[in-house]
Amino acid sequence: MEENLLPKRSEFNKGAWTAEEDRKLAEVIAVHGARRWKTIANIAGLSRCGKSCRLRWMNYLRPNIKRGNITDQEEDLILRLHKLLGNRWSLIAGRLPGRTDNEIKNYWNSHLSKKVNQNEKQSGASARQGCKAQQRLAENVKEQVREENTSAGCEDSNVGFDVDEFFDFSNEGIRNLEWVSRFLEVNGGL
DNA sequence: AACAACCTCAACCGCATCAGA
DNA sequence: GTCTGATGCGGTTGAGGTTGT
């Protein structure tokens with residue numbers, strides 16, 4: 001009686017993927033490509049939702065995934081990018097070949113957030129100065145983007161957008177971050 | 001050896017955005 | 001212009017492993 005009132009249990013498998021499921025998924029993607037995840041799940045005969053298949057592919061099965069320890073260089077880059085972009089893990093992952101947004105998010109939450117908190121505590125007295133430094137940093141970046149906009153004439157440029165709007169991270173207008181790549185390449189450090 | 005506390009990371013969930021009908 | 005399904009993203013959870021007592 002009571003079970004009639006309960007929501008219908010999902011018909012999808014949940015939890016850890018088996019090697020067999022991985023193999024099936026990879027096979028189907030090799031043939032049909034990595035899109036239309038619902039269809040892929042059906043073709044592969046997996047009792048998984050499309051979302052789950054996508055996640056598994058993106059975070060684990062995709063070729064060129066780098067597994068293992070994050071190097072010091074990578075860590076440094078993550079810190080710099082996080083300073084610049086906030087919790088935009090997919091954008092940060094885009095700058096780290098072979099790393100997934102999930103991996104970077106996990107690494108941040110388990111390692112770097114603590115590190116950053118510690119550093120902030122240590123420099124507690126200079127917190128305000130830190131804020132100012134951050135503002136200066138943002139201003140520097142803004143200035144550089146403005147220069148790029150004017151020198152490139154914006155027509156053909158990938159960085160043609162309103163700089164102030166862009167740096168308002170509450171705005172979801174961020175789409176093309178080509179300039180971030182270039183900024184990091186040019187500056188080498190923040 | 002046994003247990004608790006902590007840590008890591010794969011996977012899930014909900015929401016936002018995109019794209020096609 | 002609107003609707004709907006697909007996709008992408010960030011936050012969160014929980015199982016399993018590790019370390020400390």
Side-chain angles (χ1 to χ4, degrees), chain A residues 6-121 134 138 158 160-162 165-181 184:
Chain A
L6 294 169
K8 194 186 166 192
R9 261 184 177 258
S10 166
E11 71 254 51
F12 295 122
N13 265 357
K14 285 185 180 179
W17 281 66
T18 65
E20 179 65 9
E21 284 178 314
D22 283 348
R23 190 187 57 77
K24 283 180 183 172
L25 181 62
E27 272 178 13
V28 174
I29 288 172
V31 176
H32 293 90
R35 60 193 136 76
R36 299 230 149 239
W37 294 103
K38 210 172 170 181
T39 316
I40 285 173
N42 285 336
I43 295 171
L46 298 168
S47 302
R48 297 271 183 181
C49 66
K51 238 179 179 180
S52 179
C53 293
R54 177 187 164 272
L55 202 73
R56 183 64 178 169
W57 174 257
M58 299 301 275
N59 289 334
Y60 200 83
L61 298 174
R62 207 162 37 124
N64 305 324
I65 294 250
K66 222 191 265 179
R67 308 210 68 82
N69 295 343
I70 302 264
T71 64
D72 290 347
Q73 223 178 354
E74 285 173 320
E75 184 180 306
D76 179 54
L77 193 54
I78 292 168
L79 284 166
R80 280 157 48 202
L81 284 166
H82 187 270
K83 214 173 190 177
L84 199 62
L85 301 169
N87 295 359
R88 285 177 158 70
W89 308 115
S90 63
L91 289 175
I92 295 171
R95 287 296 306 166
L96 292 151
R99 300 293 186 188
T100 69
D101 52 355
N102 208 32
E103 192 178 8
I104 289 167
K105 183 169 58 183
N106 282 333
Y107 188 72
W108 178 271
N109 288 333
S110 57
H111 296 88
L112 298 181
S113 62
K114 282 177 207 158
K115 236 185 204 183
V116 168
N117 282 342
Q118 270 181 354
N119 285 347
E120 272 172 8
K121 269 186 187 172
Q134 211 163 17
N158 286 328
F161 52 82
D162 183 279
E165 187 185 352
F166 181 90
F167 277 92
D168 175 8
F169 285 147
S170 63
N171 185 315
E172 287 301 319
I174 301 174
R175 279 298 168 264
N176 192 326
L177 288 175
E178 180 67 21
W179 71 269
V180 175
S181 306
L184 290 166

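Naming: A, B, ... by sequence-line order, numbering from 1 per chain.
The aromatic rings of A:W37 and A:W57 sit tilted relative to each other, their planes meeting at an angle between 30° and 60°.
A:I92 contributes atom CD1, which lies 7.5 Å from atom CG of A:N87 (distance to the nearest 0.5 angstrom).
When rounded to the nearest whole Å, the span between CH2 of A:W108 and P of B:dC7 equals 17 Å. Atom CH2 in A:W57 sits about 15 Å away from atom P in C:dT7, given to the nearest Å. Between A:N106 atom CG and B:dC6 atom P the separation is 20 Å, expressed in whole Å. Between A:L55 atom CG and B:dA11 atom P the separation is 8 Å, expressed in whole Å. Rounding to whole angstrom units, NZ of residue A:K105 and C1' of C:dG10 are separated by 5 Å. The nearest whole Å value for the distance from the CG atom in A:N42 to the C1' atom in C:dG5 is 14 Å. Straight-line distance from the CZ atom of A:R88 to the P atom of C:dG8: 18 Å, rounded to whole Å. In this structure, A:K51 places its NZ atom 10 Å from C1' of C:dC9, rounding to the nearest Å.
Picking from C:dG10, B:dC12, C:dC9 the nucleotide with the shortest atom distance to the side chain of A:R48 gives B:dC12. Closest contact between the side chain of A:W37 and the listed nucleotides C:dG8, C:dT12, C:dG11 involves C:dG8. Nearest to the side-chain atoms of A:N109 among the listed nucleotides C:dT12, C:dG8, B:dC12 stands C:dT12. Nearest nucleotide to the side chain of A:H111, out of B:dT8, C:dG10, B:dA11: B:dT8. Closest to the side chain of A:S110, from the set B:dA10, B:dT8, C:dG8, is B:dT8. Considering only the side chain of A:R36, C:dT7 comes nearest among B:dC12, C:dC9, C:dT7.
With respect to A:E74 and A:K66, a salt bridge is recorded, a charged nitrogen being found less than 4.0 Å from a carboxylate O. Salt-bridge check for A:E20 with A:R23: passed, with a basic side-chain N closer than 4.0 Å to an acidic carboxylate O. For A:D76 and A:R80, the salt-bridge test passes: some basic side-chain N is under 4.0 Å from an acidic carboxylate O.
OP1 or OP2 of B:dC9 has not a single side-chain nitrogen or oxygen of A:N102 nearer than 4.0 Å. Within the 4.0 Å cut-off from OP1 or OP2 of C:dG8, not a single side-chain nitrogen or oxygen of A:S90 is found. Of the side-chain N and O atoms in A:W89, one or more sit less than 4.0 angstrom from OP1 or OP2 of C:dG11. Put simply, A:R56 has a side-chain N or O that comes within less than 4.0 Å of OP1 or OP2 on B:dA11. Close to B:dG20, at under 4.0 Å from its OP1 or OP2, lies no side-chain N or O of A:R35. Contact between the side-chain N/O atoms of A:R54 and the OP1/OP2 oxygens of C:dG8 is found at a separation under 4.0 Å.
Residue A:N87 is in sugar-phosphate contact alone, with no base atom involved, counting any heavy-atom pair closer than 4.0 Å across all strands shown. A:G50 comes within 4.0 angstrom of no nucleic acid atom, judged by non-hydrogen atoms across all strands.
For A:R36, the CZ atom sits in a loose shell: 12 or fewer heavy atoms of surrounding residues, nucleotides or ligands are nearer than 6.0 Å.
Checked by distance alone, A:K14 brings no side-chain donor or acceptor within 3.5 Å of a matching partner on the base of C:dG14.
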